[in-house]
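The block underneath contains the structure these notes are about, expressed in structure tokens.
Here the structure is a predicted model, which is why all the values come from computation and not from measurement. A note on names: the letters A, B, ... follow the listed sequences, proteins ahead of strands, and every chain is numbered from 1.
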Amino acid sequence: MADTVEPRTSRGLRDLLPAEMLARQWMIDTIRGVYELYGFVPIVTPAIEYLDVLRGSSAGSEAQQSIFTVRNPEKEELGLRFDLTVPLARVIAQYRDLPRPFRRYQVSPVWRADKPGPGRFREFTQFDLDSVGVESEIADTEIIAGMCDTLRALRVGPFRVRFSSRGILNSLLAYASLSAEQGADVFRVLDKLDKVGPEKVRLELTTGYVDASGDPIPGVGLSSEAVDKIERFLQIRSDDRREVVAQLRDLFAGVEGAEAEIAVVEKISNHLYSLGYGEDQVSLDLSIARGLAYYTGPVFEAILLDAPQFGSVFGGGRYDGLVMRFLGEKVPAVGASIGVDRLLAALVHLGKAGHQKSTAKVLITNMDPALADDYVAMTWELRRAEIPTELYLGTARGPGKQLKYADAWGVPIAVLYGSNEKEKGIVTLKDMDAGRQRAKALANRQEWLGERPGQREVPRDGLVAAVREMLDQIEA
RNA sequence: GCCGGUGUAGCUCAGUUGGCGAGAGCGCCUGACUGUGGAUCAGGAGGUCUCCGGUUCAAAUCCGGACACCGGUACCA
């Protein structure tokens, strides 16, 4: 016995088999369609970047251990990208002659060396779109509208895009007399509101608590007056975005800088109203904080109302400071990112994706080696008529095995052609699904064989037309 | 990182208080049925029982350790 290698994949990595790839490609194509309609352009950047590009020059000690590091022959310090935003900032800084605004999309895998969890992997794909170099809130509006259009195009069922703003949260800090440093912790905790509920958020903002597993969760150590003010802020909830804006103005009256931040959010909301994005699609939800530190303005995320357990499937915000790392100059930018894997998992869960198993619509079976020329001819005839067709190339001889093969791959139509058909100048078409349905009702094999469900004989020279007709019928 | 759980066939799992040649279902292969998927029936292939050490006449089973995976929780630029 020769030594063999055990086939396996490293932790947190997985293979995407055909059924999943087909669903994913459909999803990506659909999203791409929306963003090209909006006039975004594609780019791709290398998976591998210099470590200092990924980390930032100053951030030696920052908590960025989840980068996979990579060795090259020159022994340079390299790593796999962990998102698509940092490489975008690099591109903006590196290609100074790119016209701005630069509005691009990118769909690519990213890597994080975290502990994998349910629906969470070390290699996963993001679909990002960003507008770089636009100060106007119309860019933010465009991203939010695009999120709505994308989710509608994907037929995800009811969804909600929720947005807020870091500017408003900063006003909250001023209102509650908190420092910017405390702010980072506060935002992180607020982001968990949906998941853990208001009591635990209060505990985590003050003293901390011990969770069900006995793991102590440290508190942020805020005073109860500060937490009271935060809670008053969080109580502003309404489906009506205008109502939220009004209450916010009321609460933050006299807080320095607050009015300007509220005005930005109000403008976005009004643009969206005038475009027909009402409360059923977009809500102004002040509990949205987003975990990332680099956001500077509006932030947004989308959830599926029929699958809320999948969390945010699409999120983003404005980050006016990120390009500064490379250019030393402030370049405004706003964008959003779709977690392709998470959204796809949600769609499969909802039964809205993942049904297609094959690209071929027709399998030409191969029963008689003497007729090889006919099989090849029929195959290319169909292909040249733009009908995706596979010629059976395996070793099984009888039609039984070959039909089983068609069944296993979910090919909707099989073509049977042997000496009988050749003599009569016909081909036999078989609608696989019709047979599948019929099989449920039949217990006895003689009946099953005798009936030959879903089969039709058509003239050999009418093959293409007959297949097309049968496909139309199946797809209707 | 912390807490808990689980490692037995390709997959899902059963294996009683340790007891001779290690099981089931699904899947796969062959045949009944040499030109028809499903169903049924018969047969077949497929296992270092995660690994290392210990206890014992005897370990998949008990003990210790390692590793891996799963779930929860924390962190997440």
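- Considering only the side chain of A:R188, B:C76 comes nearest among B:C76, B:G38, B:G1.
- The two residues A:M147 and A:A336 make their nearest non-hydrogen contact at SD-CB, 4.3 Å.
- If you check every strand for non-hydrogen atoms under 4.0 Å, A:R120 touches a base.
- When rounded to the nearest whole Å, the span between CG of A:D185 and C1' of B:A74 equals 13 Å.
- When both distances must be under 3.5 Å, the Watson-Crick or G-U wobble mate of B:U56 does not exist.
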Next item on the list: Check the pair A:R460 / A:Y417 against side chain to side chain contact (heavy atoms under 4.5 Å, CB included), numbers first and verdict last.
Entry: CA-CA 9 Å; A:R460 167 66 186 86; A:Y417 186 79; 4.2 Å; yes
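- Remark: P of B:A77 and CZ of A:R81 are 18 Å apart, rounded to the nearest angstrom.
- When distances run from any side-chain atom of A:S66 to the nucleotides B:U36, B:A77, B:C33, the shortest one goes to B:A77.
- Pair assignment for B:U36: none, as no Watson-Crick or G-U wobble contacts are both less than 3.5 Å.
- Closest to the side chain of A:P399, out of B:U36, B:G38, B:C75, is B:U36.
- When the shell of 6.0 Å around CZ of A:R14 is examined, it contains more than 12 heavy atoms from other residues, nucleotides or ligands.
- Other residues, nucleotides and ligands contribute at most 12 non-hydrogen atoms within 6.0 Å of the CD atom of A:E77.
- Atom P of B:A24 sits at a distance of 24 Å from the matching atom of B:G18, rounded to the whole Å.
- Under the Watson-Crick and G-U wobble criteria, each requiring two contacts below 3.5 Å, nucleotide B:A24 is paired to B:U12.
- To the nearest whole angstrom, the two C1' atoms, one in B:G71 and one in B:A32, are 48 Å apart.
- For A:E204, counting side-chain heavy atoms from C-beta on, the closest listed nucleotide (B:U36, B:C75, B:A77) is B:C75.
- At a threshold of 4.0 angstrom between heavy atoms, the contacts of A:E447 with the nucleic acid are absent.
- Between A:V196 and A:G435, the residue whose closest nucleotide on RNA chain B is further toward the 5' end is A:G435.
- A stacked arrangement is assigned to A:F82 and the six-membered base ring of B:A77, with a centre-to-centre distance below 5.5 Å and an interplanar angle below 30°.
- A salt bridge links A:D433 with A:R436: the closest approach of a Lys/Arg side-chain nitrogen to an acidic carboxylate oxygen falls below 4.0 angstrom.
- Using C1' as the reference atom, B:A9 and B:G46 are 6 Å apart when rounded to the nearest Å.
- With the nearest nucleotide of RNA chain B identified for both A:S10 and A:G400, A:G400 has the one nearer the 5' end.
- In this structure, the CZ atom of A:R14 is 16 Å from the C1' atom of B:C69, given to the nearest Å.
- Atom CE of A:M367 is separated from atom C1' of B:G37 by 14 Å (rounded to the nearest Å).
- Both the sub-6.0 Å distance and the 45° axial angle are not jointly satisfied by A:R122 relative to the ring of A:F68.
- Taking the C1' atom of each, B:C52 and B:G7 are spaced 15 Å apart, rounded to whole Å.
- The aromatic rings of A:F40 and A:Y35 lie perpendicular to each other, with more than 60° between the two planes, well past the 30° mark.
- When the C1' atom is compared between B:C41 and B:C51, the two are found 42 Å apart, to the nearest whole Å.
- Listed candidates were B:A39, B:G1, B:G35. Nearest to the side chain of A:K115 is B:G1.
- Residue A:L416 places its side chain closer to B:U36 than to any other of B:G38, B:U36, B:U73.
- The nucleotide B:G18 finds no pairing partner, because no Watson-Crick or G-U wobble arrangement with both distances shorter than 3.5 Å includes it.
- For A:K404 and B:U30, the NZ to C1' distance is 11 Å, given to the nearest whole Å.
- Here A:W448 does not reach the OP1 or OP2 of B:U36: none of its side-chain N or O atoms lies under 4.0 Å away.
- B:G15 and B:A22 have their C1' atoms separated by 9 Å, with the value rounded to a whole Å.
- Across the strands present, B:G43 finds its partner in B:C29; the criterion is a Watson-Crick or G-U wobble pair with both atom distances under 3.5 angstrom.
- In the set B:U36, B:G31, B:G72, the nucleotide with an atom closest to the side chain of A:K401 is B:G31.
- Remark: A:R445 is in phosphate contact with B:G37, judged by side-chain N or O atoms under 4.0 Å from OP1 or OP2.
- The side chain of A:K195 contributes no N or O atom lying less than 4.0 Å from OP1 or OP2 of B:G72.
- Taking atom C1' on both nucleotides, B:A59 is separated from B:C20 by 14 Å, rounded to a whole Å.
- Remark: the separation of the P atoms in B:G25 and B:A45 is 15 Å, to the nearest Å.
- Nearest to the side-chain atoms of A:A439 among the listed nucleotides B:C75, B:A77, B:G38 stands B:G38.
- Side-chain proximity of A:R11 to B:C69, B:U73, B:U36: nearest is B:C69.
- Sparse packing is recorded around CD of A:E181, with 12 or fewer heavy atoms of other residues, nucleotides or ligands lying under 6.0 Å away.
- Remark: P of B:C75 and CZ of A:F187 are 16 Å apart, rounded to the nearest angstrom.
- Spacing between atom OH of A:Y392 and atom P of B:G37 amounts to 14 Å, rounded to whole angstrom units.
- Within the shown strands, B:G7 is the pairing partner of B:C67 under the Watson-Crick or G-U definition, both distances less than 3.5 Å.
- With a 3.5 Å ceiling on both atom-pair distances, the Watson-Crick or G-U wobble partner of B:U73 is B:G1.
- When the P atom of B:G37 is taken as reference, atom CD of A:E451 falls 13 Å away, rounded to whole Å.
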